[in-house]
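Report on one structure; see the data block that follows.
When reading the values below, keep in mind they use all heavy atoms of this one structure, side chains included, and skip hydrogens, waters and symmetry mates. Quick caveat, the model's predicted, so the values are computed rather than measured.
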Amino acid sequence: LTLSNVSECYAACGVHDSSLYDNALEGYQIALEGYRELSVANPKVYRTMLVLVLQSISSIYTVKGESDKVEECINEAEKIARELEQENPGSNIQLVISALEGKIEFYVMTKQFDKAQTAIVEAENLCSSSFAENDMTGRALLVKILLGKCLMCVESNKLHESMAITDEGIALCNSLIDVSPAHQNDKKLFLSMINSVGYKFMNGNGVPQNYTEAFNYFLKAAENGDADSQERVGYLYYNGYGVTKNLAKAVEWWLKAAEQGDSTAQNSLGCRYLNGDGVQLDYAEAFKWFSMAAEQGDATGQSNVGFCHQEGCGVEQNYAEALKWYSMAAEQGNATAQTTIGNLYCDGNGVQQDYAEAFKWFSMAAEQGNDAGQNNVGWCYQNGYGVEQNYAEAFKWYSMAAEQGNAGSQRHLGEMYENGWGVAKSIAKAKKYYTLAAKGGNEKAQENLKQITDSGLWHFLKKIFCRDRD
């Protein structure tokens, strides 16, 4: 029993550290062998424990993706449960239904929907024939069966059917929560399924992309308290996807999600207050929400807190603090933070100027496809900052960023074509890229367009002095 309990702890922690699943599996397997021995002397008690441990082991194998072993465990668990019920009719119905629930989940996840449906029907019949309509045990078992039905509908793309089942499941959970708060977890599972359907429609995953349907599913879950769905409703309102754009509604839903600890919503609220977008400009409020996200370990939040320290938004300007928070985000792979650290080293803000260090951080961001990082790597190659000057490499990285719409890189490409740096000189192509950059809001490109037909001294001076990253 102790081994089982310790293994359960390892399994729960495996969500955060997958290596702990192996510890859990080892403990469960030792416990399983112990219960097998004990069941010889006292089969009634210890065979029940065998079923429970087998179900726990099957859950670990499910996470590890070992479907053959999952099937072995659930089949043995069902066999033992049925034997116990046969020996003592009516006393082990709950155990049999629990074993069937394991089979339903396995069949759904392996796309064996006919077998899943057969198991669902048997479980429902056992539940209705063995428990009175208002029996709490029966109603709790029915919640698990409905979860299996809903999961099957989602996985088989019978999405509208899943909504009806979810409504039934949530209503049932609500009736049980007053008696046992533990059913909050069941309700959360139903809400997560509605949320997953919302994502299917939003991303066109297995169904035609449909923002209106996505909004309807997210809203259903959001109204029932699902934080991620509340954040998505805010996102859809903010962008006008599937619903009329409404900044006030976006902020309202983001606030609901943020207050539940959703870091994406916290960052979104922070950005609104930082820019006065849909709310009154308030740097202190922006810093508050960014900090809440950052303290959860959210990389975007950490980068945003770094920005506030760098610019003195809602907090006293402090480059050392900015670098600390940017570094935390950068270590998690946040490309914006990596680019900004590069900028700090490039400009010597809060650190000793170091072009080689700047190039290192720019490269880390660029290799992730970050357009600002790509632009800055190109700039380093163009000017020989932190790396040997190489116009061909500069052109390559500028091109990658320009394809993503980076106006600075578009301007630099115009500059390279105008001067024949690393490419054949072409005033027509120079004008093309200056125009793209100017349309993207790059003021220097607008000046380039005005002066591109000039000659003589201006061109000479430009070659000497045009060394900015923008």
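- A heavy-atom distance below 4.5 Å is not found between the side chains of F215 and Y241.
- The local environment of NZ in K111 is crowded, with over 12 non-hydrogen atoms from other residues, nucleotides or ligands closer than 6.0 Å.
- Using a 4.5 Å heavy-atom threshold, the side chains of L100 and L126 count as touching.
- Between K69 and C73, the closest side-chain pair of non-hydrogen atoms is not below 4.5 Å.
- The side chain to side chain contact (heavy atoms under 4.5 Å, CB included) test with T339 is passed by exactly one of D371, N376, V377: N376.
- In summary, E76 and K79 do not engage in a salt bridge, as defined by a charged side-chain N under 4.0 Å from a carboxylate O.
- The side chain to side chain donor-acceptor pair (under 3.5 Å) with S98 is formed by just one residue from the set Q55, K144, E78; it is Q55.
- Salt bridge status for K256 with D262: absent, with no side-chain N to carboxylate O gap under 4.0 Å.
- You'll find the side chain of K103 stays beyond 4.5 Å of the side chain of K115, heavy atoms only.
- Note that CG of L50 and CG of L38 are 9.0 Å apart. Values are rounded to the nearest 0.5 Å.
- Under a 4.0 Å N-O distance rule, the pair R82/E122 qualifies as a salt bridge.
- Residues E161 and K158 are not paired through a salt bridge, judged by the lack of any N-O separation under 4.0 Å between the basic side chain and the carboxylate.
- In this structure, Y326 has its ring center no closer than 6.0 Å to that of H309.
- The environment of N125 atom CG is dense: over 12 non-hydrogen atoms of other residues, nucleotides or ligands sit within 6.0 angstrom.
- Between the SG atom in C150 and the CD1 atom in I165 there is a gap of 6.0 Å [rounded to 0.5 Å].
- Within a 6.0 Å sphere centred on NZ of K360, heavy atoms belonging to other residues, nucleotides or ligands number more than 12.
- Rounded to the nearest 0.5 Å, atoms CG (N75) and CD1 (I80) are 11.0 Å apart.
- Taking 4.5 Å as the limit, every side-chain heavy atom of Q302 sits out of range of all side-chain heavy atoms of N334.
- Using a 4.5 Å heavy-atom cutoff, the side chains of V51 and R47 are not in contact.
- Between L25 and K64 there is a side-chain heavy-atom pair separated by less than 4.5 Å.
- Summarising the geometry, atom CG belonging to N174 is positioned 11.5 Å from atom CG belonging to D186; distances are rounded to the nearest 0.5 Å.
- By the 6.0 Å contact criterion, NZ on K245 is enclosed, its count of non-hydrogen atoms from other residues, nucleotides or ligands being greater than 12.
- Contact check for S409 versus Q374: no side-chain heavy atoms found under the 4.5 Å cut-off.
- Salt bridge K324/E321: present, at least one basic N to carboxylate O contact under 4.0 Å.
- Between the CH2 atom of W253 and the OG atom of S268 there is a distance of 15.0 Å, given to the nearest 0.5 Å.
- Checked against side chain to side chain donor-acceptor pair (under 3.5 Å), Y61 has the following partners two or more places apart in sequence or in another chain: Q29.
- Counting only N and O atoms by type, the side chains of N267 and T300 include no donor and acceptor under 3.5 Å apart.
- Residue K188 places its NZ atom among 12 or fewer non-hydrogen atoms of other residues, nucleotides or ligands, all under 6.0 Å distant.
- Residue pairs meeting the ring pair (Phe, Tyr, Trp, His ring centres under 6.0 Å) criterion with at least one member in residues 156-201, sequence neighbours excluded, are Y199-F218, F201-Y217.
- Listed by first and then second residue, the ring pair (Phe, Tyr, Trp, His ring centres under 6.0 Å) pairs that reach into residues 95-129 come to none, sequence neighbours excluded.
- By the neighbour-count criterion of 12 heavy atoms within 6.0 Å, atom CD of E155 is densely surrounded, having more than that number from other residues, nucleotides or ligands.
- To the nearest 0.5 Å, atom CG of residue L236 and atom CE of residue M202 are 6.5 Å apart.
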